[in-house]
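Here the structure comes first, spelled out in structure tokens, and everything after it is commentary.
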Amino acid sequence: MEENIEKELELIEMINNSIEDAQKKLEILEKKLKGE
Amino acid sequence: MKIKEAFKEDIEQLNYINETINELIILSENVTDEDAKEHLINRVEELKRKLEQLKVRILATEMYIVKNTKNNPYVTKNNVKLPEKMKKKYGDVKTYAAVRLDQLEQEVKKRTEQTDTKIDFKTIYKCRLDQLKSQYPDSKQLKPRMLKRGIEKLELTNNKINETEENIKSEDKELEK
């Protein structure tokens, strides 16, 4: 398992970044739709 | 590749969410009808919930990995390399495990304090451990004691959520009167 930690963390970081990007996009879209 | 397989569902879910967001962005450009707008807002809210669920699943996974890293003498003694970006941020693997575990615990705490979200950390965590166990059948790190500790902690988290929900229900009833 040890040698895989680096790859696992890299993948988790990538997924976390993508989640953050998607959350930002949704926030912007929601504001736009609500006319804020 | 085993690692990608363990995260396959998450990545597929993320891809689906991203594709749907792009579709909604296109649809939102020409929408004028109020009902149609309302429908799009509901879809946005649904996606936000799905993202939160995904985030929690990843949080549970990262907590498991970080705890494992912190308690694993092989990793700390041999100073396993961190990915480049994380190396810049945390320095070495020991510092990473200590700092990140603290951050993750804060995130879990924050989520348990969110009164409108019920998060079943225990189930998510158990499901993740089963997944990782099947991924690493010979792993010496997956000791029952460690699993028990993790689950006990999550049970506490769940109890806190249930307690908060019960308090809100009682307060709602009081307000209705």
Side-chain heavy-atom pair B:E62, A:N16 within 4.5 angstrom cut-off
yes
Find out if a path of hydrophobic residues (ILVMFWY) with successive side-chain heavy-atom gaps under 4.5 Å connects B:I21 to B:Y16.
yes
About how many Å separate CD of A:E30 and CG of B:L47, when rounded to the nearest 0.5 Å?
10.5 Å
With only heavy atoms counted, which part of B:N42 is less than 4.5 Å from chain A, the side chain, the backbone, both or neither?
neither
Engaged part of B:I41 at the chain A interface, taking heavy atoms whose separation is under 4.5 Å
both
Segment of A:Q23 engaging chain B (4.5 angstrom heavy-atom cut-off)
both
As an exercise, state the distance from CD of A:E13 to CD1 of B:I58, rounded to the nearest 0.5 Å.
12.5 Å
CD on B:Q13 to CD1 on A:I15, rounded to 0.5 Å
11.5 Å
Toward chain A, the part of B:R100 with a non-hydrogen atom under 4.5 Å:
side chain
Hey, quick one: are A:I28 and B:V31 part of the same hydrophobic cluster, counting side-chain heavy atoms closer than 4.5 Å, chains of contacts allowed?
no
With a 4.5 angstrom heavy-atom cut-off, which part of A:L26 approaches chain B: side chain, backbone, both or neither?
both
Supply the atom-to-atom distance B:I25 CD1 to A:K32 NZ, rounded to the nearest 0.5 angstrom.
8.0 Å
When you look at B:K48 and A:E27, which way does the side chain to side chain contact (heavy atoms under 4.5 Å, CB included) test go after all the steps?
CA-CA 9 Å; B:K48 278 169 88 174; A:E27 289 297 330; 3.5 Å; yes
Sort B:E29 into side chain, backbone, both or neither according to what part of it lies under 4.5 angstrom from a heavy atom of chain A.
both
Using the side chain to side chain contact (heavy atoms under 4.5 Å, CB included) rule, take B:E38 and A:L33 through it: C-alpha gap first, then chi angles, then the decisive distance, then the call.
CA-CA 8 Å; B:E38 193 59 40; A:L33 287 166; over 6 Å; no
As a quick check of understanding, evaluate side chain to side chain contact (heavy atoms under 4.5 Å, CB included) for B:N22 and A:K25, giving each step before the final call.
CA-CA 9 Å; B:N22 290 338; A:K25 278 187 193 173; 3.8 Å; yes
Pairwise distance CG(B:L54) to CD1(A:I19) - rounded to 0.5 angstrom
4.0 Å
